[in-house]
Amino acid sequence: MKKFFGRESKVEKYSKEHVDLVYECFQSLEELMLGFYTGNKHQINHFTKQIGILEHKADELRRKMEIEFYEGAFLPFDREDRIILAEMVDSVADGIESAAFEICLSKVEFPSAFEEDFKEMMDLTGKTILTLKECIAFLEEDLGKSIKKAHEIEDLEDQTDIVERRIIKKLYNSYRSKNIGILKLLELKESTKKIANITDRAEDASDRALIIAAKRRG
């Protein structure tokens, strides 16, 4: 029995470290975006590499968790949901890495008129990931609070969708007004969608946490 609960404690520790790494990935994306706004290619390249390193570390932690699950951590009814949750949290890091590489490869000059819009979207994304951290932590402390955090993430994702649509509409208007060319339109549109997708992935993870909380409450 001691061995069984020891495995659970180890997985819980890995899970916390895992989501912490995902948030570190996002913090590096914030630094990358500052380089994007100012045209600092060195900063963009540096933080793209940093995100790749952090994402790899997150992958390694996910694999460690999967080994513990395979060797018997948690009861069978809980194990599958937790494996899926770990994979979904990992996919948030994948989404951050994808956004970083898109921006790094695009090489377009960022139009200053869009800076506040992108900052708003990044702020919402950061809040979503922080709330996901809290949602997962509360699975071990307070299921009611975990459920509440999952619902908060739904609201943040809705807000992000609104900002995403606003940016894309503004991009098309700028293109029609000949303020930006077709290449910049397409590249910035894709970057917008990649950043917004991070929040979508975080919501998917929170949905799985909600399932775990609901099952535990019976």
Side-chain angles (χ1 to χ4, degrees), residues 18-37 47 51 55 58 84-85 87-103 106 110-139 142-175 180 184-214:
H18 190 220
V19 75
D20 284 345
L21 273 172
V22 171
Y23 189 64
E24 282 186 53
C25 281
F26 175 75
Q27 289 176 310
S28 290
L29 181 64
E30 286 184 307
E31 296 294 333
L32 182 153
M33 291 300 291
L34 293 177
F36 191 29
Y37 303 146
F47 284 103
I51 288 167
E55 192 278 333
I84 294 171
L85 175 60
E87 290 172 348
M88 287 182 165
V89 170
D90 205 60
S91 79
V92 179
D94 292 341
I96 293 169
E97 185 180 41
S98 180
F101 275 112
E102 172 63 30
I103 292 165
S106 68
F110 188 88
S112 59
F114 288 84
E115 186 171 337
E116 291 306 313
D117 298 296
F118 272 80
K119 284 182 175 178
E120 183 179 356
M121 186 164 60
M122 287 292 293
D123 181 58
L124 287 166
T125 304
K127 287 178 181 176
T128 303
I129 297 172
L130 279 174
T131 307
L132 179 62
K133 283 180 63 175
E134 294 170 340
C135 177
I136 292 171
F138 280 132
L139 282 174
D142 188 320
L143 293 176
K145 288 182 180 179
S146 183
I147 291 169
K148 182 180 177 183
K149 291 296 177 181
H151 291 157
E152 288 178 17
I153 290 169
E154 289 178 10
D155 182 57
L156 287 164
E157 194 272 337
D158 287 341
Q159 292 179 56
T160 305
D161 281 347
I162 291 169
V163 176
E164 178 192 8
R165 288 192 291 269
R166 188 179 77 220
I167 291 173
I168 291 173
K169 181 179 178 181
K170 191 172 174 180
L171 282 168
Y172 275 106
N173 287 338
S174 292
Y175 171 68
I180 61 172
K184 189 170 288 190
L185 164 67
L186 295 175
E187 294 286 7
L188 288 173
K189 179 183 176 183
E190 186 61 22
S191 295
T192 301
K193 294 175 80 65
K194 293 275 189 183
I195 294 170
N197 183 249
I198 298 167
T199 306
D200 292 337
R201 292 178 183 224
E203 187 194 20
D204 289 342
S206 73
D207 286 342
R208 182 56 55 171
L210 192 59
I211 290 170
I212 292 170

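Looking only at side-chain heavy atoms (C-beta outward), Glu154 and Asp207 come within less than 4.5 Å of each other. The closest side-chain heavy-atom distance from Glu187 to Glu102 is below 4.5 Å. Two residues are said to be in side-chain contact when any heavy atoms from C-beta on lie closer than 4.5 Å; Arg208 and Asp204 fail this criterion. Looking only at side-chain heavy atoms (C-beta outward), Met121 and Thr199 stay at 4.5 Å or farther from each other. Using a 4.5 Å cut-off on side-chain heavy atoms (C-beta onward), Ile96 and Glu55 make no contact.
Side-chain N or O atoms of Ser206 include one that pairs as donor or acceptor with a backbone N or O of Glu203 at under 3.5 Å.
Lys145 meets the salt bridge (charged side-chain N to carboxylate O under 4.0 Å, His left out) test with no other residue; sequence neighbours excluded. Evaluation of the side-chain contact (heavy atoms from CB on, under 4.5 Å) rule for Asp158 yields no partner, not counting sequence neighbours. Under the ring-ring contact (aromatic ring centres under 6.0 Å, His included) criterion, Phe26 pairs with no residue at all, not counting sequence neighbours. The side-chain hydrogen bond (donor to acceptor under 3.5 Å, both in side chains) test applied to Asn197 returns Arg201, not counting sequence neighbours. Take Glu120 and apply the salt bridge (charged side-chain N to carboxylate O under 4.0 Å, His left out) test, not counting sequence neighbours, and it matches Arg166. Listed by chain and number, the residues in a salt bridge (charged side-chain N to carboxylate O under 4.0 Å, His left out) with Lys119 are Glu115 (sequence neighbours excluded). Residues satisfying the side-chain contact (heavy atoms from CB on, under 4.5 Å) test with Ser98, not counting sequence neighbours, are Lys194. Every residue was checked against the side-chain hydrogen bond (donor to acceptor under 3.5 Å, both in side chains) condition with Thr160, not counting sequence neighbours, and none meets it. Residues that satisfy the side-chain contact (heavy atoms from CB on, under 4.5 Å) test with Leu34, not counting sequence neighbours, are Glu31, Tyr37, Gln43. Ile162 pairs by the side-chain contact (heavy atoms from CB on, under 4.5 Å) definition with Arg165, not counting sequence neighbours. Contacts of Lys170 classified as side-chain hydrogen bond (donor to acceptor under 3.5 Å, both in side chains), with partners at least two apart in sequence or in another chain: Asp117.
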**OP:** Might you work through the side chain to side chain contact (heavy atoms under 4.5 Å, CB included) test for Lys189 and Tyr172, ending with a clear yes or no?
**Re:** CA-CA 9 Å; Lys189 179 183 176 183; Tyr172 275 106; 3.0 Å; yes
(request) Kindly indicate, with the supporting measurements, whether the criterion side chain to side chain contact (heavy atoms under 4.5 Å, CB included) is fulfilled by Leu85 and Leu139. (result) CA-CA 12 Å; Leu85 175 60; Leu139 282 174; 4.0 Å; yes
Derivation of the side chain to side chain contact (heavy atoms under 4.5 Å, CB included) call for Ile198 and Leu29: CA-CA 11 Å; Ile198 298 167; Leu29 181 64; 3.7 Å; yes
* To do: Under the side chain to side chain contact (heavy atoms under 4.5 Å, CB included) rule, what do Leu171 and Phe114 come out as? Steps first, then yes or no, please.
  => CA-CA 9 Å; Leu171 282 168; Phe114 288 84; 3.6 Å; yes
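Minimum interatomic distance between Ser191 and Ile103 (heavy atoms only, all atoms of both residues): OG-CG1, 3.7 Å. Of all the heavy atoms in Leu210 and Ala150, the pair that sits closest is CD1-CB, 4.0 Å. Closest approach of Phe118 to Leu188, counting heavy atoms only: CZ-O, 4.2 Å. Across every non-hydrogen atom of Phe47 and Ser28, the tightest pair is CB-O, 3.6 Å. The shortest non-hydrogen separation linking Asp200 to Glu157 is OD1-OE2, 2.6 Å. Residue Glu97 comes nearest to Ile51 through the heavy atom pair CA-CG2, 3.7 Å, listed as atom of the first residue, atom of the second, then distance.
For the atom pair CD1 (Ile167) and CD1 (Ile195), the distance works out to 7.5 Å, reported to the nearest 0.5 Å.
For the residue pair Lys184 and Tyr175, no side-chain donor N or O sits within less than 3.5 Å of a side-chain acceptor on the partner.
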Show me the side-chain donor-acceptor pairs of residues 126-137 shorter than 3.5 Å, one per line, residues at least two apart or across chains.
residue : atom : partner : partner atom : Å
Lys127  : NZ   : Asp123  : OD2          : 3.4
Thr128  : OG1  : Leu124  : O            : 2.8
Thr131  : OG1  : Lys127  : O            : 2.7
Lys133  : NZ   : Asp20   : OD1          : 3.0
Glu134  : OE1  : Lys149  : NZ           : 2.9

